[in-house]
Every structure is written in structure tokens, then in C-alpha cells.
Amino acid sequence: MFKKFLSFLIILSSVVASLTCAETDSSFDKNKRTLVIAHRGASAYLPEHTLEAKALAYGMHPDYIEQDLVLSKDNHLIVMHDIYLNSTTDVADVFPDRAREDGHFYTIDFTLEELKKLRVSEAFIMGEDGPQAKYPHRFPLWKSSFQLSTFEEEIELIQGLNRSLGYDIGIYPEIKKPYFHHWEGKDIAAIALEKLKQYGYINRDQKIFFQCFDAEELQRIKYELMPALDMDIPLVQLIAATSWGEKLIQVNGNIQNYDYDWMLEQGGLRKIANYADGIGPWYPMLIEIQDGKPRANNVVRRAHRRHLQVHPYTFRADPEKLPEEFESFNHFLHFAAYQLHVDGLFTDHPDQAVNYLSRGNRKQHQQ
Ligand code: CA
């Protein structure tokens, strides 16, 4: 009798364990809130990638805060989006003679000490009448005082706030254009991974995703760099349109755009699932328009079948950036979370995304 009861208990506990396991293993649990990733910090409200924008994002309580990474001349990881300094700093005034022949001021040509002398502004586009704000309604150009920061400074800010405020907010670093860094004789992937290890991000117990647009570099990270460092952090394959020139390759001495089309074609996601845990597509790649209305295409479903999380970019509430198919930012968020069933999303407006998605209002979006 006792033996029977014992074996019943064992069976019961294994059933409970498998249920629990199934629950935690499922990245696609429809009851789980869509992850909010603060894109370049609270970049809708303060100049992108500044520590101030990251602190503000932190206070908005997203799940992750994003870092784009570029190397300096002396191999420091600088948190910034472009490989150039032209559109967010006063480099042209401080170091007027340091542009390359193409007119760009490259971060990789400056030491950290030099980069710290630059003033950072809200993003601008240089026009004939001087700098024009990239987003006219955001933080004004050249106001207050902001600096470039290193990856260490940002990790210490987030880890410090995790300690002082008690949240567990993750990081979501992206190495920018590894092909360019290789051409310059630098290995940004290896430097970034070593830095992560130094700060305790070594496996899936820490809250981190590591993203890149470069499929070959991600495979190098998965199969060579991480095993050598005894690391295993989740990787996200970002997906670009081929025409953007996000990755350049040399073919027979000519430079051309890397072809991204294979990623969403037959067999592409299966290949990605071998080395990555998720994809980061541009949101229009997930949508088709029928009778003027947005509908999910099959990409999210196919990705989930391969156990890939889907974290599209970039959700912006600025009226001029709202896709015309949606009547409000909440409508856009609602569609992504409850019709596309994405697992997370990158947003410049983490406060609005956290606020809307935490309501769990599945039936209808609220204005
Ligand atoms: Ca990014």
C-alpha cells in the first residue's frame, strides 16, 4: 500500500515537474506580458544612449534597457548607435580636422579621453540651414549637458539601480557593424563578451539578450567565442532589409550589401534557430495589409514553431512616426501584443508601453 502511494507520489511529482517545466520553457505563453525593451533608453524624452536617458528609462520600469556598442581607438566600448559622431555630438566643432575623406567623424578614430570632451545633443540632421532635429517634438537640440558613456558606466548604472531600487532590469547590448570593426583590425564581439563576463553576465540566469545584425558574427559568438569564455547567453538575430546596407561584404574586390532575404524565406528561421534564441525583425516584416487593415503574416508563427522569441523594432509614439494603419500608439501596441503575439518589443516610449501592456487589456485597445 505504502509502495503504491509512494509510486503515486513520484508520478504526481514528475507530472507537476513537467507541467512547471513546460510553463517555464514556454517563451510563448500567451498570458505572459510582452517584454518592453527601452530602445536606446527613454530615447523619446532625453538624448539617446546618455546615462540620463538610461536612468529615466529605468524609472519607467521596462524589462530591458538597450545598449548599442561601438569601439573607440583605444578599444573602449562606447554606448552609441552610429559608427560616426556626426549626428549626436559637437565633434565637428571640437575636432574639425579629424573627419575622414567621406566627411564622417568615426568614433573608432578617437580615444576615450577625446570622446569625453564631446557634448552630446538630441539627434540632428545637418541641413543647409544648420542642424535640424531628427524628431521635432523631442528634447531640444544642444540643451543641458550630456556626454558619451562607456559600456562599463552604463552597466554599473543599471546594476547599481537594481541594487538601490530592488528591480531586476536586464541589459540588451548590440554590437554595431562587426564587419566594419574587423576591417579596422578590431574584434568588438570578443571585447564585448569579455566585458559582460567581467560584470557577471555569463549564462541564462542573468537578465540579458545579446543582439546583432550579423549572422556570421553571431555564429562565431555561439560556436567559438562563448565556448572559449565558458559563457552561454541568449542571442538575438536582428533582421534588416537588404537595401539598408546594414552589413557590407567584399565580393571579388567589390563592396556590396549583404543579402538578408534568406532569413525570412523557407528554411531561414530554422537555420537561425540553430544559433539564436530570438529574432529582432523590423515590425513591417510581420504584417500584411488586407483591405487597408493590418494582419499578422506567418513570420511570428513560424518563428515560434522554431522556439525563437520575436522582438520587433521600433515602436514610437511620435505622431509622425505612427504607421498609418493604426489610429493610436495604444492600437499599435495592442496589435503587436495580442494579434501578432510578439514576445517583446523595442520602444522609444517605454513608459507608454509598460503602462498599456501591464493593463492586460486584450479585448480592445484604449485610446
Ligand atoms: Ca540597436
Side-chain angles (χ1 to χ4, degrees), residues 35-51 53-54 57-58 62-71 77-85 87-88 107-108 120 122-123 134-135 138 148-151 154-155 158 169-181 188-189 191-193 195-196 201 207-215 217-218 221 233-241 244-248 258 260 263 272 276-286 309-316 318 321 336 342-350 353:
L35 297 174
V36 174
I37 306 146
H39 181 246
R40 311 184 197 177
S43 56
Y45 308 109
L46 281 170
E48 66 182 38
H49 282 316
T50 58
L51 289 179
K54 303 306 170 86
Y58 192 100
D63 300 281
Y64 293 85
I65 298 176
E66 191 209 21
Q67 302 78 32
D68 290 314
L69 301 174
V70 176
L71 279 176
L77 290 159
I78 309 299
V79 185
M80 58 183 295
H81 180 264
D82 295 349
I83 56 172
Y84 320 124
L85 296 153
S87 58
T88 51
T107 309
I108 210 162
V120 171
E122 179 65 34
K134 189 172 169 194
Y135 299 96
R138 292 190 177 182
L148 292 169
S149 55
T150 64
F151 193 29
E154 178 155 342
I155 292 175
I158 293 170
I169 292 181
I171 61 171
Y172 206 131
E174 176 190 352
I175 47 169
K176 301 305 289 189
K177 299 191 191 300
Y179 78 85
F180 168 79
H181 285 88
I188 188 172
I191 293 172
L193 288 172
K195 192 58 67 184
L196 286 170
Y201 298 97
K207 220 169 150 186
I208 180 171
F209 285 100
F210 190 93
Q211 45 167 344
C212 190
F213 275 106
D214 192 317
E217 194 72 358
L218 278 178
I221 289 166
I233 55 177
L235 305 178
V236 172
Q237 172 70 63
L238 296 172
I239 305 178
W244 299 347
E246 183 59 44
K247 176 181 177 180
L248 301 180
Y258 176 86
Y260 276 90
M263 292 185 183
I272 292 171
D277 294 76
I279 55 170
W282 186 37
Y283 69 82
M285 294 170 177
L286 310 178
Q309 293 201 35
V310 183
H311 299 170
Y313 58 90
T314 304
F315 289 71
R316 297 185 171 102
D318 312 71
K321 287 287 173 187
V342 301
D343 306 280
L345 50 85
F346 289 89
T347 179
D348 289 3
H349 297 79

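Note that the structure is predicted; figures quoted are calculated from it, not measured. Heavy atoms only: backbone and side chains are in, while hydrogens, waters and symmetry mates are out. Start at 1 and go down the list; that is how both ligands and their atoms are numbered. Residue indices begin at 1 and follow the sequence shown.
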I'd like the atom name of the N/O/S atom in [X] lying closest to the Ca ion (ligand 1).
{"X": "Glu66", "answer": "OE2"}
{"X": "Glu174", "answer": "OE1"}
{"X": "Asp68", "answer": "OD1"}

Do Lys54 side-chain atoms and Glu66 backbone N/O form a donor-acceptor pair below 3.5 Å? yes

Polar side-chain atom of His181 near backbone of Leu71 as donor-acceptor pair, under 3.5 Å: yes

Is there a ring-ring contact (aromatic ring centres under 6.0 Å, His included) between Phe346 and Tyr172 once you walk through the steps? CA-CA 10 Å; Phe346 289 89; Tyr172 206 131; 5.0 Å; yes

Gln237 side chain near Gln211 side chain, heavy-atom distance below 4.5 Å: no

